[in-house]
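First listed ligand is number 1; within each ligand, the first listed atom is number 1.
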Amino acid sequence: MESSQLEHILNTNYSKKYKGSIQYGTAGFRTKADVLEHVLYRMGLLAVLRSKVKNAAIGLMITASHNIGSDNGVKLVDPAGEMLEATWELIATNLANVEDSNLIFTIKQIIEEQNVDMSTEATVIIGRDTRESSPTLLNAAIAGIQALHGIVKDFGIVTTPQLHYLVVCTNTNGGYGEPTLNGYYTKLSKAFKCIRKNKINNGLYVGVLSLDAANGVGAIATKEFNDYLAETITINMYNDGLGELNHMCGADYVKVQQMPPATVPLKPKVRCVSIDGDADRIIYFYLDENDKFHLLDGDRIATLVAAYFKELLRESRLSFQLGLIQTAYANGGSTNYISNVLQIPVVCTSTGVKHLHSKALEFDIGIYFEANGHGTVLFKETVIQTIKNTIKDPELSMIEKTAVSKLLNIIDMINQTVGDALSDMLLVETILHEKGWDITNWEKMYKDLPNKQLKVQVSDKNVITTTNAGRQCVTPKGLQEEIDKVVSKYEKGRSFVRPSGTEDIVRVYAECENSSDLNELIVNVASLVY
Ligand code: 16G
Ligand code: ZN
């Protein structure tokens, strides 16, 4: 391709004014919204090239998840709903940072190096969250897509997991579900209702919960979803979009601060959930009779789900290999419970969904959750086929048949494309309902070790590099030995430091047996980082 054929892509409306450099990180580009316009334009261009290479639709989501309202971001979604392939993350970073004078050359280079056939049709599926800056950034992305003659399918305001769902449905010609929001709500709610059979309460389980929507896009989705779920569960929503996005609310706030969101009225033992700004994370919490806050995070959801699957497999007499994927942030209490009580293999990967997702694919049924509430369950295609065939077996006993049919519904209820707060919520509610459990029964499955996180501001976070899934420092030299020395003084002590992939800080995590030791442990470790 000649450079002259690309001259029209230089659009002065989207010239690069920002002088700093910006990186495609764990969750795409994410920073102050006002420096992102040229990045969105260029990601529009790149999405078209990626779509041509894969000969499939690519997703483009405009969101900064749990970040403050003035931030924004963009991430590309590959055809099967996964995060953008790592080599293209580097291409994206380079493309976002080149000067305008090098833009044509860089695009030409990508076309040549990636063997892009420019005659292939390209489709980009776009979604955005509720941020004020999102429409402007959307226009920039559309301009980029159209500059390279890509087809735009704009789904407007959607949650991140809905966008992933729409990409997969489009690329499987509806095989995964109908590629519309109605298709999404119908698929999930139908499966939920099928298991629940209109019985709202069961034993100690009461079908009412409070939902903190972080004043984000999840509020819109929850309102829409409610019409499909009516009469099977009552969701009382707070932080429904009128207040400030992610401000003193949402899953990240509740998890990190270990306190309830500011504006949710709390009654003892009422199940509450917090989702994040783009509705791909969920955590549960409640207050007890003494107003003590109890958090049931991603680890708790993972263990509940894993135990449930184990039960269903036993009852259905199907033997599949179950695996659970966590990160270094998983509470030691949960890891111990999964390995020793449930006896399910546990794997620890680096932080970031793409790492957990790819590891989960190695199991017949791979359950992955980050402690922060991001996770889902993946089923191998062969597993789904076996389950579908088994249900037709006339020899099945009643118990077997019930379990197999539940498995089939559960598969439909789970958004396998990515962690999805609303889908995960239905899954948890289904399990609690079936067991007749209230939230305290769930919490009693195992004991969390007291734990804490701190952020440390440093001049260059990249001085710290890690190995062993982020659990050990490689550099600066000697730091790990110092951390080990501190940690060894505390019973069941564990602590690690790692540079954040989304903020310019270093994160410190610590846990130990005695809550009275926790502050001292984490402060001592943090002081080694300054
Ligand atoms: C991003 C990741 C999330 C991870 C978090 C870690 C995705 C879609 N999201 O939000 O999985 O837990 O980053 O942030 O991958 P940190 O590197 O700042 O600790
Ligand atoms: Zn999110």
> Just verifying a value: how many Å separate Ser495 OG and Leu454 CG, rounded to the nearest 0.5 Å?
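Those atoms lie 9.0 Å apart.
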
> Using a 4.0 Å cutoff against the non-hydrogen atoms of Arg507, which atoms of ligand 1 qualify?
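By the 4.0 Å cutoff, the relevant atoms are 16 (P), 18 (O), 19 (O).
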
> Holding to ring-ring contact (aromatic ring centres under 6.0 Å, His included), I want the full list of residues that pass it with His357, two or more places apart in sequence or in another chain.
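In terms of ring-ring contact (aromatic ring centres under 6.0 Å, His included), with neighbours along the sequence ignored, His357 is linked to Tyr368.
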
> Any nitrogen or oxygen of Thr502, main chain or side chain, under 3.5 Å from a nitrogen or oxygen of ligand 1?
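Yes: some nitrogen or oxygen of Thr502 is under 3.5 Å from one in ligand 1.
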
> Strictly under 2.8 Å, is the Zn ion (ligand 2) approached by any N, O or S atom of Thr160?
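Within the cut-off used here (under 2.8 Å), Thr160 places no N, O or S atom near the Zn ion (ligand 2).
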
> Looking at the Zn ion (ligand 2), is there an N, O or S atom belonging to Asp276 that lies under 2.8 Å away from it?
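It does; at least one qualifying atom falls short of 2.8 Å.
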
> Is it true that Asn182 and Thr180 share a donor-acceptor pair across their side chains at a distance under 3.5 Å?
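No pair is found: no donor N or O on one side chain lies under 3.5 Å from an acceptor on the other.
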
> Minimum heavy-atom separation for Asn246 and Ser65, please, with both atom names.
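So the two residues come closest at ND2-O, 2.9 Å.
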
> Between Phe192, Tyr165, Tyr228, which is the residue that forms a ring pair (Phe, Tyr, Trp, His ring centres under 6.0 Å) with Tyr185?
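Testing each of Phe192, Tyr165, Tyr228 against Tyr185, the sole residue satisfying ring pair (Phe, Tyr, Trp, His ring centres under 6.0 Å) is Tyr228.
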
> Would you say the side-chain atoms of Asn415 and Ser423 include a donor-acceptor pair closer than 3.5 Å?
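Checked: Asn415/Ser423 side chains show no N/O donor-acceptor pair below 3.5 Å.
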
> With a heavy-atom distance limit of 4.0 Å, tell me whether Thr351 approaches ligand 1 through its side chain, its backbone, both, or neither.
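Under 4.0 Å from ligand 1, Thr351 contributes side-chain atoms alone.
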
> Any idea which protein heavy atom is nearest atom 3 (C) of ligand 1, and the distance to it?
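Answer for atom 3 (C) of ligand 1: Glu370 OE1, 3.3 Å.
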
> Please list all pairs passing the side-chain hydrogen bond (donor to acceptor under 3.5 Å, both in side chains) test where one or both residues lie in residues 32-41, with sequence neighbours left out.
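Qualifying pairs, neighbours excluded: Lys32-Asp71.
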
> Could you list the atoms of ligand 1 found under 4.0 angstrom from a heavy atom of Met83?
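Close to Met83: 8 (C).
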
> Please could you name the atoms of ligand 1 that Asn372 approaches to less than 4.0 Å, counting only its heavy atoms?
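Per the distance check, 12 (O).
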
> For atom 2 (C) of ligand 1, what is the closest protein heavy atom, and at what distance to 0.1 Å?
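The closest one turns out to be Thr26 CG2, 4.1 Å.
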
> Would you please classify the geometry between the Tyr329 ring and the Phe496 ring as parallel, tilted or perpendicular, with 30° and 60° separating the classes?
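Perpendicular, since the angle between the ring planes exceeds 60°.
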
> Give the contacting part of Arg281 toward ligand 1: side chain, backbone, both or neither, where contact means a heavy-atom distance below 4.0 Å.
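Contact part for Arg281 vs ligand 1: side chain (C-beta onward).
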
> Counting from 1, what ligand 1 atoms have a heavy atom of Ser500 closer than 4.0 Å?
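Those atoms are 16 (P), 17 (O), 18 (O).
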
> What protein heavy atom lies closest to atom 9 (N) of ligand 1? Include the residue and the distance to one decimal.
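Looking only at protein heavy atoms, the one closest to atom 9 (N) of ligand 1 is Ala27 CB, 3.9 Å.
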
> Counting each atom of ligand 1 from 1 as listed, which ones have a heavy atom of Arg498 under 4.0 Å away?
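Those qualifying, in numeric order: 16 (P), 17 (O), 19 (O).
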
